[in-house]
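Just so you know, ligand 1 is whichever comes first in the structure, and atom 1 is the first atom listed for that ligand.
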Amino acid sequence: MDIKRAVTIAGSAARGGAGIQADLKTFQEFDVFGTTAVTAIVARNPRTGQGVFPQSWDAIEAQLVTIEEDIGADAMKTGMLFTKEIIDHVAHWIQNSGIKNIVVDPVMIGKMGSALLEVDAMESMKEHLIPLATIITPNMPEASYLLNGMQLNSVEDLKEAAKKLKELGPEFVLVKGGRLEGPAVDVLYDGQKFYLLEAPRIDTIHTNGAGCSYSAAIAAGLAKGESVLDAVTEAKKFITAGIRHSLTFIAGVGPTYHAAYRKFDETAVTVTEVK
Ligand code: PXL
């Protein structure tokens, strides 16, 4: 069987809807074989108060070496990396890996409120990791942090942010406008052209893991050889369906439903090239 492969370097989200778990579920939906390097475990222990359990670089490196030697990868995505040390090591590893399609989701804060990136790690992300990316996928708060607090209130602001983020060195920038009013508009920028990807807004708070799943879907498309624009468009359809049919269980912000696009969607995404 010829199947494309994608590796995710990210945190384990015990709740199952975000992080590594979201990535694997997404890869599966796109018929891409997923492999994982867990950087940290996110789960709360009310007895000790601990909520994030980072892994040593030795443990992370072991996973990457195992994947490289036994499976290989057609694309990679990074999610929660948590520390400056992990970011620096991962960037160095990517540089030596020869992997072509690199999706960097600059994860900072989870929908459940966990801090997923230490404060001093931001500069390393900007300096060492983002320049290696085929595409970065910040949401509005992440884009704002990466741009020293730039205010984002409109699609024009998203375009301006994309332009500034492009200067950090990635090939493509996708700034996601999920927090604007009106339709859900994301801006894709390749250094020359802007594309607006628009989907209907879905009124729900249950979007845990949406960003993880969106970027994993992009990685899956790239692994299969799609263009960045095609991969992002398909990924947006996938995540819109997942949000429309998002799930709720016992408590907290519910996860997106990864099978929704395959099972019942219908979702229209319009893509417009703009100046
Ligand atoms: O959705 C962001 C995210 C990423 N990675 C991990 C998470 C979360 C949010 O909960 O737990 C591990």
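With respect to Glu29 and Arg262, a salt bridge is recorded, a charged nitrogen being found less than 4.0 Å from a carboxylate O. Between Glu156 and Lys159 a salt bridge is recorded (basic side-chain N to carboxylate O distance below 4.0 Å).
Proximity to Cys212 (heavy-atom distance under 4.0 Å) selects the following atoms of ligand 1: 1 (O), 2 (C), 3 (C), 4 (C). Set against the non-hydrogen atoms of Asn208, the atoms of ligand 1 under 4.0 Å away are 9 (C), 10 (O). Contact atoms of ligand 1 toward Val42: 11 (O), 12 (C) (distance under 4.0 Å to a heavy atom of the residue). Contact atoms of ligand 1 toward Gly11: 12 (C) (distance under 4.0 Å to a heavy atom of the residue).
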Verdict with supporting geometry, Gln21 and Ser12, side chain to side chain donor-acceptor pair (under 3.5 Å): CA-CA 7 Å; Gln21 287 78 358; Ser12 165; 2.9 Å; yes

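Contact annotation: for Leu116 versus ligand 1, heavy atoms closer than 4.0 Å belong to the side chain alone.
Around atom CD of Gln28, no more than 12 heavy atoms belonging to other residues, nucleotides or ligands sit under 6.0 Å away.
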Run the side-chain donor-acceptor check on residues 238-245: report pairs under 3.5 Å with partners two or more places apart or on a different chain.
residue : atom : partner : partner atom : Å
Thr240  : OG1  : Lys236  : O            : 2.7
Arg244  : NH1  : Asp265  : OD2          : 3.1
Arg244  : NH1  : Glu266  : OE2          : 3.2
Arg244  : NH1  : Thr267  : OG1          : 3.1
His245  : NE2  : Asp265  : OD1          : 3.3

